[in-house]
Amino acid sequence: MQVTINGKNYDVEKNTTILKACKDAGIEIPTLCHDDRLSPSGACRLCLVEVEGWKNLHTSCTAICKDNMVIQTHSDKVIKGRQEVLDLLISNHPLECLTCEKSGACKLQDYCYEYGITEGTYRWEMKKPYFDSSNPFYNFDSRKCILCGLCVRVCDELQGTSAIGFENRGFETNVATPFNEGLINSTCVSCGNCVSVCPVGALEPKSKEKFRYWETRDVRTTCSYCGVGCQMDLVVKGNKVVDVKPAFDALNEGLLCVKGKFSYNFLSHPDRLKRPMVKKDGVFVETSWEEAYNLIVNKMKSVKEYYGSEAFAGLTSARCTNEENYLFQKMFRAVLGTNNVDHCARL
Amino acid sequence: MTNSISEIRNTDAMFVIGSNTTENHPIIGAVMKQAKKRGAKLIVADPRRIELAEYADVFLQLKPGTNIALLNGLMNVIIENGLQNDEYIKNRTENYEELKEIVKDYTPEKVAEICGVKAEDIVNAAIIYAQADKAGIYYTMGVTQHSTGTNAVMSISNLALLCGNVGVESAGVNPLRGQNNVQGACDMGGLPGDLPGYQKVFKPEVIQKFEDAWGAKLSGKVGATIGEMFEGIEKDEIKFLYIMGENPVVSDPDTNHVKKVLSHADFVVVQDIFMNETAEFADVILPAAAFAEKDGTFSNTERRVQRVRKAVNPPGDAKADWEILMNIMNRMGYDKNYANPSEIMDEIASLTPSYGGINYDRLENESIQWPCLDENHPGTKYLHEKAIARGRGLFMPVDYVVSAEMPSEEYPLIMTTGRILYHYHTRTMTGREDGLNQLAPESFVEINPATANRLSILDGERVRLVSRRGEVETTARITEIIDDGVVFMPFHFAEGSANYLTNTVKDEIAKIPELKVAAVRVEKI
Ligand code: SF4
Ligand code: SF4
Ligand code: SF4
């Protein structure tokens, strides 16, 4: 099948959406409610395109390519259509970008910048605000919600928990738990997968740290909790991890659980061990690496001399890296001369 | 895992046994729920009505310690109804006749009695598993932490072979490994009988190879397991204990005994990121860097080797574990120096065939599932594709035997242990996360309303649990999740720790303690 996009011809497979065809062709279409992993919804209407022979603009995420279709993605009509969509959204959105934590990583902010929208031109009453701060890890602020539905679909289709849905109708529609009982009283398991997909500041982690996304850098790594091995980006400001984002191009496909997503504050906890310590008369006192090493090495040498290699035993760690486990067993085998190495694989 | 996590999305049937997947491997649990939505069938066997049970086509709430009976029962139904994969059995397996002989006695009625489940559910489960084109079995400690754990694992493999599910995409035998790098710790030779890549210490040619590579004299004598180390310390044979990143006082069975052993040891080194219950017994404590403070790799439950990258500096003088170990080795006169973990990986690759093609250049842009034999090898998505690793799949039929400790008059309840979603292992990390403590603040014991009624225990009341080894106080949670006569305790909490009660009796082959079954009584305080 062939389609023409912005005057150029492209081959596409049957049943391809216009959005996908454009993406494959390297043409950026703005979206707020689209996620490749989820069923398309067409809720935000920002991905409008013009198709020759069709009277109205169409949402490209739901329209399927037809043979010889002629598509315009950035015609004046399309740009106007998108500006109208953004205008409507921002007219009903508090302009709190100065204090909003999402600023700098907010898709609505980015698109308003791109399409030149300064403030909403529709002056109407704001809907009744609804806040839910009952979950220990994140807040919900309905005033900022653009009803894209990503959170609801992720929770249902990918996380499989279905803790949240749309409540009420029409203008008063909100994302909420059943009966508005609050997240803490719902079936929510605090995985934060809804937070990770929210394009705006409606679902926000309760950060311990104040930071701006433009002050941070991302470091791709592997979650340190369970054996699934999810990939994630640690968001680092200075010498501190301030947020965690799931990786999409990895086995976890953009999902994390509560531990991977939110449990990173132990890293900078004041209880962290910072200096080597030796026990003197039953109490631990801080010491230097030099002294600690000397103590250990002298003891190793004397035990080896008096009792032999079999007097050593070591528990290596299912928490440490491969390289560290390798060195640990190598130290026991090659340096101390024993195979007395084990770890709690069985627990 | 013989197969990969992503393959679960395309499976036809899942049999989850002894794994509370949505809490212990949440993302695998999510993928299972996605598969269910797409039409895959789900069988769940667990003593607790776990979340996955709500989605299951068949849920078997079996008594702890009866896995083997159930598995034999399923095979009995399959063979009686001629649902086995004869073609596969003929071409790819051995010893089928013996299996047939042993499972013959395990009729659904008899097994229903042993396991405390309905006979018709056993039949239904067997039919679902056998009729699926591709069916995967997923299990964890609920299968292995029994005195008969190794046998149960064999039973699982028998079932998979019987229906031709080994060496097939989206099927397989899939132990879900608990800790982030427990797979890697085993791969790297963190075992008393195995050098890296499961090369056996008792084989002279293996020892020769490593002696040449390392330039050191090595012992060919299989070393001590954790349990044997503790015995060795008690007998004054082991003097020096080095513990890196583990907390056996909370995680190991029979806490009182572990504490006694540690205080008896002559010299204990603990290397960790926090002070913990085990470090209290140390002579020297070394401060280590956490995962975000160092470079390295972890190997996940599907054998996937992935990078860990340094994002921030360790606090104070803390150092990466590899650096500490290298410094000690150097001071002991072993001169090998590594500039970074990438150089260590190169040495690993040169000595470990299954990691042969793994290096940091490749890992920069991809993750690799071992076996990965050389630099051009793409890695291995699922094992035994061409043939079962040892040539043919061997059926190893086993009989059910009762757990080491059964309920008695004095200890009438069975206690089983496990993990919960909101904490991790001994809580050294998660216990310092306010939000997680809010969601799961303290130790508890789950008790069925019927059991609780008999003992006149109310929800939220403090109770005392007593076993032959010790006692703890904890809070009662009255819930239908657990069956009458069985109680469940998470083992994360040092205060009110389940492991004061657990049994150290071990599986004879794998040396895994029977943490899943202990006889206890519950008392009102
Ligand atoms: S945190 Fe997870 S379970 Fe809770 S509402 Fe969000 S996606 Fe659903
Ligand atoms: S909370 Fe966020 S993700 Fe959910 S509907 Fe609103 S804007 Fe979309
Ligand atoms: S994010 Fe959750 S499921 Fe993923 S590896 Fe971490 S602990 Fe496991």
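Letters A, B, ... are given to chains in the order of the sequence lines, protein chains preceding strands, and every chain is numbered from 1. Just so it is clear, the structure is predicted and the values come from calculations on it, not from any experiment.
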**OP:** Could you go through the side chain to side chain contact (heavy atoms under 4.5 Å, CB included) check for A/Leu315 and B/Tyr242 one step at a time?
**Re:** CA-CA 6 Å; A/Leu315 295 182; B/Tyr242 199 127; over 6 Å; no
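- Looking at B/Pro196 and A/Gln329, their side chains come closer than 4.5 Å, going by heavy atoms from C-beta outward.
- Residues A/Phe266 and B/Ile273 form a side-chain contact, since some pair of their non-hydrogen atoms from C-beta on lies under 4.5 Å apart.
- For a residue to count as touching a neighbouring chain, one of its non-hydrogen atoms must lie under 4.5 Å from one of that chain's; by this rule A/Asp156 touches chain B with backbone and side chain alike.
- Two residues are said to be in side-chain contact when any heavy atoms from C-beta on lie closer than 4.5 Å; B/Phe298 and A/Arg319 fail this criterion.
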**OP:** I would like to know whether B/Glu293 and A/Arg272 meet salt bridge (Lys or Arg N to Asp or Glu O under 4.0 Å); could you show each step before the answer?
**Re:** CA-CA 13 Å; B/Glu293 299 154 358; A/Arg272 282 289 302 275; 2.8 Å; yes
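- Proximity to chain A involves both the backbone and the side chain of B/Ile324, based on heavy atoms less than 4.5 angstrom apart.
- Side chain of A/Asn339 to main chain of B/Ala224: no donor-acceptor pair is present (N/O by atom type, distance under 3.5 Å, no hydrogens or angles).
- Proximity to chain A is limited to the side chain of B/Leu351, based on heavy atoms less than 4.5 angstrom apart.
- Of the residues listed (B/Asn276, B/Val270, B/Ile285), the one engaging A/Leu273 in a side chain to side chain contact (heavy atoms under 4.5 Å, CB included) is B/Ile285, and it is the only one.
- Distance alone, capped at 3.5 Å, places no donor-acceptor pair between the A/Arg333 side chain and the B/Phe210 backbone.
- Open room surrounds NZ on B/Lys221; 12 or fewer heavy atoms of other groups in view lie less than 6.0 Å from it.
- Taking a 6.0 Å sphere around CZ of A/Phe131, one finds it holds more than 12 heavy atoms contributed by other residues, nucleotides or ligands.
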**OP:** Starting from the C-alpha separation in whole Å, work towards a yes-or-no answer on salt bridge (Lys or Arg N to Asp or Glu O under 4.0 Å) for A/Glu324 and B/Lys294.
**Re:** CA-CA 11 Å; A/Glu324 289 160 348; B/Lys294 62 191 179 186; 2.9 Å; yes
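- In this model, no donor atom of one side chain and acceptor atom of the other lie less than 3.5 Å apart for A/Thr321 and B/Asn181.
- The shortest distance between side-chain heavy atoms of A/Tyr326 and B/Trp322 does not fall below 4.5 Å.
- With salt bridges taken as basic N to acidic carboxylate O contacts below 4.0 Å, none links A/Lys299 and B/Asp283.
- Interface check for chain B: of the options A/Ala311, A/Gly160, A/Ser190, A/Ser309, the most heavy-atom pairs under 4.5 Å are formed by A/Ala311.
- The side-chain heavy atoms of B/Val312 and A/Lys240, taken from C-beta on, include no pair separated by under 4.5 Å.
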**OP:** May I have the step-by-step check of side chain to side chain contact (heavy atoms under 4.5 Å, CB included) for A/Phe137 and B/Glu433, ending in yes or no?
**Re:** CA-CA 10 Å; A/Phe137 297 106; B/Glu433 191 67 57; 4.1 Å; yes
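- A 6.0 Å sphere centred on OH of A/Tyr307 holds no more than 12 heavy atoms belonging to other residues, nucleotides or ligands.
- Proximity to chain B (any heavy atom under 4.5 Å) is restricted, for A/Leu234, to the side chain, taken from C-beta onward.
- Between A/Glu290 and B/Arg331 there is a salt bridge, with a side-chain nitrogen of the basic residue lying less than 4.0 Å from a carboxylate oxygen of the acidic one.
- Chain B forms the most heavy-atom pairs under 4.5 Å with one residue out of A/Asn135, A/Val189, A/Leu336, and that residue is A/Val189.
- Only the side chain of A/Phe332 comes within contact range of chain B, with at least one heavy atom under 4.5 Å from a heavy atom of that chain.
- Salt-bridge check for A/Glu253 with B/Arg9: passed, with a basic side-chain N closer than 4.0 Å to an acidic carboxylate O.
- A/Trp289 has its side chain out of reach of B/Asn327: every pair of non-hydrogen atoms, C-beta onward, lies at least 4.5 Å apart.
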**OP:** Using the side chain to side chain contact (heavy atoms under 4.5 Å, CB included) rule, take B/Asp317 and A/Lys274 through it: C-alpha gap first, then chi angles, then the decisive distance, then the call.
**Re:** CA-CA 5 Å; B/Asp317 293 344; A/Lys274 297 179 194 73; over 6 Å; no
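- Contact of A/Phe284 with chain B is made through the side chain alone, with heavy-atom distances under 4.5 Å.
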**OP:** Evaluate the side-chain hydrogen bond (donor to acceptor under 3.5 Å, both in side chains) criterion for residues A/Glu157 and B/Gln34: first the C-alpha distance (whole Å), next the side-chain angles of each, then the deciding distance (0.1 Å), finally the verdict.
**Re:** CA-CA 7 Å; A/Glu157 295 178 29; B/Gln34 290 167 21; over 6 Å; no
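- A/Lys330 touches chain B through backbone and side chain together, each having a heavy atom under 4.5 Å away.
- Note on B/Asp434, B/Ile5, B/Thr430: by heavy-atom pairs under 4.5 Å with chain A, the leading option is B/Thr430.
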**OP:** Any chance you could lay out the side chain to side chain contact (heavy atoms under 4.5 Å, CB included) test for B/Tyr334 and A/Met331, step after step, and finish with the verdict?
**Re:** CA-CA 9 Å; B/Tyr334 190 83; A/Met331 177 172 87; over 6 Å; no
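- Considering CG of B/Asn300 and SG of A/Cys223, their distance stands at 11.0 Å, rounded to 0.5 Å.
- A heavy-atom distance below 4.5 Å is found between the side chains of A/Val258 and B/Tyr422.
- Between chain B and the residues A/Gly308, A/Cys257, A/Ser268, A/Ala292, the most heavy-atom pairs under 4.5 angstrom are made by A/Cys257.
- For A/Thr161, the parts sitting under 4.5 Å from any heavy atom of chain B are the backbone and the side chain alike.
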Subject >> side-chain hydrogen bond (donor to acceptor under 3.5 Å, both in side chains) assessment of A/Ser224 paired with B/Asn180 >> reply: CA-CA 6 Å; A/Ser224 75; B/Asn180 60 326; 5.2 Å; no
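- Taking the six-membered ring where the residue is Trp, B/Phe240 and A/Phe312 present tilted rings, their angle falling between 30° and 60°.
- With hydrogens and angles disregarded, a donor-acceptor distance shorter than 3.5 Å links the side chain of B/Lys33 to the backbone of A/Gln159.
- Proximity of A/Pro276 to B/Val284: side-chain heavy atoms (C-beta onward) are nowhere separated by under 4.5 Å.
- Looking at A/Val278, both its backbone and its side chain come within 4.5 Å of chain B, counting heavy atoms on both sides.
- For the pair B/Arg309 (side chain) and A/Arg220 (backbone), a donor-acceptor distance under 3.5 Å is present.
- In this structure, the portions of A/Val297 lying under 4.5 Å from any heavy atom of chain B include both its backbone and its side chain.
- In this structure, chain A has a heavy atom under 4.5 Å from the backbone of B/Asp194, while its side chain stays farther away.
- Considering all non-hydrogen atoms of both residues, A/Val219 and B/Lys310 come closest at CG1-O, 3.8 Å.
- The shortest non-hydrogen separation linking A/Asn322 to B/Ala185 is OD1-N, 4.5 Å.
- Of the listed residues (A/Tyr264, A/Phe262, A/Tyr293, A/Tyr306), the one with the most heavy-atom contacts under 4.5 Å to chain B is A/Tyr293.
- For A/Val241, the parts lying near chain B are the backbone and the side chain together; criterion is any non-hydrogen pair under 4.5 Å.
- Remark: the backbone N or O of B/Gly190 is paired with a side-chain donor or acceptor of A/His343 at under 3.5 angstrom.
- With a 4.5 Å cut-off on non-hydrogen atoms, A/Ile184 touches chain B through its side chain but not through its backbone.
- Across A/Asn294, A/Val335, A/Ile296, A/Asp249, the residue that shares the most heavy-atom pairs under 4.5 angstrom with chain B is A/Ile296.
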